[in-house]
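Note sheet for the following structure.
When a ligand or atom number is given, it counts from 1 through the structure's own listing order. As the structure is a prediction and not an experimental result, all values here were calculated from the model. Sequential numbering from 1 along the given sequence is applied to the chain's residues.
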Amino acid sequence: MDQETSQPVSDESSGAIPLEVGRIEGREWWLWGFAVAVTLALTLGIVSFTFPWFKQQTDAAYWFDLREWVRGLSALVLLFDVYSVYQYLQLQRIRRQLAERDQLFQLISENAADMIALVDSDGRRLYNSPAYQKVLGYSPEELKATSAIEQIHPDDQPRVLKAADKARRTGRGERVEYRIRHKNGSWRTLESTACAIRNSRGQTGQLVIVNRDITERKRAEELLVHNAFHDGLTNLPNRALFMDRLQHALSLSKRQSNYKFAVLLIDIDEFKIINDSLGHSAGDELLIQIGQRLKHSVRRADTVSRAREREELDRPANDDRLARLGGDEFTILLDDIRDPIEAVRVAERIQAELTIPFVVNKQEIVISASIGIASSASPHTQAEELLRDADMAMYRAKRSGKARCEVSDTAMHANAVKRLQLETDLRRALDQREFRVHYQPIVSLQTGRITGFEALTRWQRPERLVPPLEFIGVAEEIGLIVPMNRQLWLEAFQHLRAWQSEFPSSPPLTISVNITAKDFAQPDLVDALRQSLEQSGVDPHCLQLEIIETIAMGDAEKSGHVLSQLKALGVRLSIDDFGTGYSSLSRLRRIPVDTLKIDRAFILHMDNDPENREIVRIIITLARNLGLKVVAEGTETEAHINLLKQLNCEMAQGYFFSRPADHQAMFKLLADNANIRAASTGG
Ligand code: C2E
Ligand code: MG
Ligand code: MG
């Protein structure tokens, strides 16, 4: 049915005739009333002739007037009668037209395939065309007992109500599609338009609703879309749909660094032989069964991925993650994994599951599959490139003996190239003396005096000053940290000597240097330190070695030996980032440590997190009980300082006092510090 027929009672056509009828009927009453009044008056006049009192009036003029009056009135009555007859005929014509139209509407609505309903303002059904029973199965009585909205799908009800409301306000609602329950419990999809009927006062109350059953059309449309994106044989998503999903996942991984995924490309080994020997229909049946088994594997794979924990992610729907690319090639998008190694585990499990024999035409078939894996760690931005990587890995797996799984090495390759470059650059940086020492003061909270400095490495590259966290790890892995640190010690010790002679104090200024596990493992650590100290003329007591908990608490025998050697040299020991590692308190008591440096993570949140504050308090108490000094790292605000003072923390280091800077900046800082102290002591 087209737009025209879907509105059998439109505003204009339905509203015009009743209005005209009303007008004519109103006029008719008025005319009849008037005619009766005039006729009465005339009758009265004629009757009066027969009364004797009138007969006594013999005045000729009077008789003449009376006659004229009667004649005039008779003419008027005649005129009214003619007009009334005309109006009556008019009314009859309109009534006939109305009846015809009513009959036509009846005919259309009774025979139309579309369901036509008349509902009142409360949604009560006043009329339902017979098509309702044909399409939805309800008898007219059953329909009458329900409201028009009841059988509509709850999700669609708001839209339908909105359209009905609009129809009431504007006379015509929007076309809506909604689901309605068939008497047999199934859902049908209807397309519906509502129009309002206005009464003689122009108010809208009732709605005429025309519904068309579009269930089949919808199904056909869905089927077309489904066919376009699914493989006809296995009914799995096809290449087009998979590539779309893959591209989506790839874009997401570029936006969210913690979102990782992998693509598994599965190719059945020797499928051609199976196909040729058993026939194509058996080959098809086998592919269907493989598809089903893979589907099962993908569902299980979900338990290894974090997909369920991260519903908020705009991730591909569960069933779209397995696809048949064509032939004997299947592919899986393993979504939201923690590590590419998970993909390898899933691939191995899939391989194991595929080796369970299949039964086709009562014949057992044993297959194997080669799997190539590519992951979101690759630098690619296009789904095709990623799939090509997986494809290449799969061919490598085939070449190296089938039934294997290989990971694409593009990502690994890219990482390796980057890493190799960094290593080369680091070695060159050491030769070219590109490392700089920056210092951060450590301040006594009681006196405000700078008691010493921590030496922190920076790498001066042409484009920027690189912070240590970007290269220390690699430098440590390749053993470069050892010569790097030794270079730094010498420079830092010399700077310390200069500050000490410029700003003598008691106790003298100290220097803290960070010692890594690699440094710690060097058999000549103590000798190297001694040599640097001697060379620069720094008193060993002025050197603080910062080591992290795990090194200090590590192998008791080995570390204990080194620590006591260092102690014998006269240097002091600090435990860096205290609170983040694992410290055994009994061991802490036995190792020759002088200072605990509270990790900055606790300090940063100390003012708004009572738990962190408590940890800081406990570390300070612990240090005091063990007779150790304590330094709070990462103090950034005055609130931190005030809290630390309340907790009786001895020393602090952080941006509040100064960011790490070069030795000249420290000279200036020391000068300012000396002035402040001189002023505060009245000197
Ligand atoms: P660390 O020894 O715990 O050094 C303290 C780090 O905290 C420094 O970062 C410093 O800049 C930062 N810091 C200081 N005050 C604040 C503050 O108020 N707020 C915040 N958010 N941070 C603050 P940096 O210089 O990036 O050093 C990072 C780590 O690198 C150091 O941690 C240390 O473990 C290592 N490192 C730095 N230089 C060397 C070195 O020459 N040799 C060795 N082996 N390791 C080093
Ligand atoms: Mg440190
Ligand atoms: Mg630290």
Open item on the list: Tell me every residue that passes salt bridge (charged side-chain N to carboxylate O under 4.0 Å, His left out) with K567, counting only those two or more places apart in sequence or in another chain.
Closed with: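 With sequence neighbours excluded, K567 shows a salt bridge (charged side-chain N to carboxylate O under 4.0 Å, His left out) to D594, given in chain and number order.
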Open item on the list: Take a 6.0 Å sphere around CD of Q432 and say whether it holds more than 12 heavy atoms from other residues, nucleotides or ligands.
Closed with: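 Yes, because the 6.0 Å sphere around CD of Q432 holds more than 12 heavy atoms from other groups.
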TODO: For F667, look at atom CZ and say whether over 12 heavy atoms of other residues, nucleotides or ligands are found less than 6.0 Å away.
DONE: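 Atom CZ in F667 is crowded, with more than 12 foreign heavy atoms closer than 6.0 Å.
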Open item on the list: Tell me the closest heavy-atom pair linking P441 and F453, and the distance in Å.
Closed with: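 For P441 versus F453, the nearest heavy atoms are CA-CD2, 3.7 Å.
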Open item on the list: Let's test this: below 2.8 Å, count the protein N/O/S atoms around the Mg ion (ligand 2).
Closed with: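 N, O or S atoms of the protein closer than 2.8 Å: 4.
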TODO: Not counting sequence neighbours, list each pair that qualifies as a ring pair (Phe, Tyr, Trp, His ring centres under 6.0 Å) and has a residue in residues 430-450.
DONE: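 As it turns out, the ring pair (Phe, Tyr, Trp, His ring centres under 6.0 Å) pairs with a partner in residues 430-450, which skip direct neighbours, are F435-W459, F435-F471, Y439-H495, Y439-W499.
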Any donor-acceptor pair under 3.5 Å from [X] side chain to [Y] backbone:
{"X": "Q440", "Y": "S658", "result": "yes"}
{"X": "R613", "Y": "M606", "result": "yes"}
{"X": "H605", "Y": "F602", "result": "no"}

Open item on the list: Can a side-chain donor-acceptor contact be found between K645 and Q446 if the only test is distance below 3.5 angstrom?
Closed with: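 Note: Q446 and K645 side chains miss the donor-acceptor criterion.
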Pairwise, report which nitrogen or oxygen atoms of ligand 1 are under 3.5 angstrom from protein nitrogen or oxygen atoms, and how far apart they are.
unit_1   : atom_1 : unit_2 : atom_2 : d
ligand 1 : 2 (O)  : E454   : OE2    : 2.9
ligand 1 : 2 (O)  : N514   : OD1    : 2.9
ligand 1 : 2 (O)  : D576   : OD2    : 2.8
ligand 1 : 3 (O)  : D577   : OD1    : 3.1
ligand 1 : 3 (O)  : E633   : OE2    : 3.1
ligand 1 : 7 (O)  : R600   : NH1    : 2.7
ligand 1 : 15 (N) : Q440   : NE2    : 2.9
ligand 1 : 18 (O) : Y655   : N      : 2.8
ligand 1 : 19 (N) : E636   : OE2    : 2.5
ligand 1 : 21 (N) : E636   : OE2    : 3.2
ligand 1 : 22 (N) : R600   : NE     : 3.4
ligand 1 : 22 (N) : Y655   : OH     : 3.4
ligand 1 : 25 (O) : R458   : NH1    : 2.9
ligand 1 : 25 (O) : R458   : NH2    : 3.0
ligand 1 : 38 (N) : T457   : N      : 3.0
ligand 1 : 41 (O) : T457   : OG1    : 2.3
ligand 1 : 42 (N) : N485   : OD1    : 3.0
ligand 1 : 44 (N) : N485   : ND2    : 3.3
ligand 1 : 44 (N) : N514   : O      : 3.4

